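From a predicted model like this one, the values you see are computed outputs, not experimental measurements. Remember, it's 1-based here, ligands and their atoms both numbered in the order they're listed.
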Amino acid sequence: MATKRWFTLLRNVTTAVAAVAVAASFATPAIAAQPPSTDVVGGTRAAQGEFPFMVRLSMGCGGALYTKQIVLTAAHCVSRTGANTSITATVGVVDLQSSSAQKIRSTYVYQSPTYGTSTGGDWALIKLASPVSGLSTLPIATTTAYNSGTFTVAGWGAATEGGAQQRYLLKATVPFVSDATCQAQGGSYPDLIPSAEICAGNLTAGGVDTCQGDSGGPMFRRDANNAWIQVGIVSWGDGCARPHAPGVYTEVSTFASKIAAAAATL
Ligand code: ARG
């Protein structure tokens, strides 16, 4: 619990210094010299266009295009429901510094009303001022059919626990971890809300995970038609990529109808 709270705080600190830290890291040769095979934590660099639905949000979170004008992210990445023109979404690029990036402002934020309650619901929607051009969206899982197997995660968050935000989109694959196993890991994990959260990670070895700054980004897999489908939203973990500390993701299928209903009002 303490660790979980700590990392939530850490994300907020990271957010506060994100503009400076990211701007600085972009200019440092140390980042360019990073081997492309290390990083999310334990991932590799995504190809331009590989995950066209990926969104980077200016408060230091990830997201996914639910529609061309609505981003699905985490509730803990936003502060409240209401008009909000302070968020910038960067889309269409793996390189956040690319001149081909589309940068679009928010107009409104919808934060799940059950976030922070016993039923959970770490999800939020951000309406954009205009639709993105030429990008595909990421459908969300509406049943539990895809809540198992191997998942893909991606983001511009830290590549090591406590590390810097990334200029280039990183990706990794993580295996499903059952609620019972996840809850049995000690630390913050007994707090897991099984109906609202889904765990993933290399249980005994660790080494691959999402991390601070990936929050709000999607966890996804292939559906029966080999199309990407979103099953999770990066939410929390005890540290990053530690053994016996899986990543915890909002269970999208649980909230699919609420998400659709909220989106229809935006
Ligand atoms: N809460 C973090 C954020 O705001 C995400 C943490 C994910 N941690 C993990 N071990 N998978 O960016």
**Prompt:** Between Leu57 and Ile126, does a side-chain contact (heavy atoms from CB on, under 4.5 Å) hold up when you go through it step by step?
**Reply:** CA-CA 10 Å; Leu57 296 168; Ile126 297 175; 3.7 Å; yes
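- Proximity to Cys211 (heavy-atom distance under 4.0 Å) selects the following atoms of ligand 1: 5 (C), 12 (O).
- Using a non-hydrogen distance threshold of 4.0 Å, Gly60 does not register as a contact of ligand 1.
- Of the heavy atoms in Asp214, only backbone atoms (N, CA, C, O) come closer than 4.0 Å to ligand 1.
- Arg56 approaches Leu96 most closely through the heavy-atom pair CB-CD2, 3.7 Å.
- Only side-chain heavy atoms of Asp209 come within less than 4.0 Å of ligand 1; its backbone N, CA, C and O stay farther off.
- Taking the six-membered ring wherever Trp is involved, the centroid distance between the rings of Phe51 and Trp228 falls below 6.0 Å.
- For ligand 1, the atoms closer than 4.0 angstrom to any heavy atom of Gly247 are 11 (N).
- Residue contacts with ligand 1: Thr210 is placed with a nitrogen or oxygen under 3.5 Å of a nitrogen or oxygen of the ligand (distance criterion only).
- The atoms of ligand 1 that sit less than 4.0 Å from any heavy atom of Ser215 are 1 (N), 2 (C), 3 (C), 4 (O), 5 (C), 12 (O).
- In plain terms, the two heavy atoms of Gly120 and Ala196 that are nearest each other are CA-CB, 4.2 Å.
- Trp123 and Phe255 have tilted rings, their planes meeting at an angle from 30° to 60° on a 0 to 90° scale.
- The proximity of Cys77 to ligand 1, defined as any non-hydrogen pair under 4.0 Å, does not occur for either the backbone or the side chain.
- For Phe151 and Tyr249, the ring centers sit 6.0 Å or farther from each other.
- The closest approach between a heavy atom of Ala245 and any atom of ligand 1 is not below 4.0 Å.
- Atoms of ligand 1 lying under 4.0 Å from any heavy atom of Gly213, numbered from 1 in the order shown and given with element: 3 (C), 12 (O).
- By the 3.5 Å distance cut-off applied to N or O atoms, Gly239 is counted among the residues near ligand 1.
- Residue contact annotation: Gly157 has no non-hydrogen atom under 4.0 Å from ligand 1.
- Shown here for Asp209 and Gly247, the closest heavy-atom pair between the two residues is OD1-CA, 3.6 Å.
- A pairwise comparison of heavy atoms in Ile198 and Asn147 identifies CD1-CB, 3.7 Å as the closest pair.
- Residue contacts with ligand 1: Val248 is placed with no nitrogen or oxygen under 3.5 Å of a nitrogen or oxygen of the ligand (distance criterion only).
- Counted by atom type alone, Gln102 and Ser133 present one or more donor-acceptor pairs between their side chains at under 3.5 Å.
- Using a non-hydrogen distance threshold of 4.0 Å, His76 registers as a contact of ligand 1.
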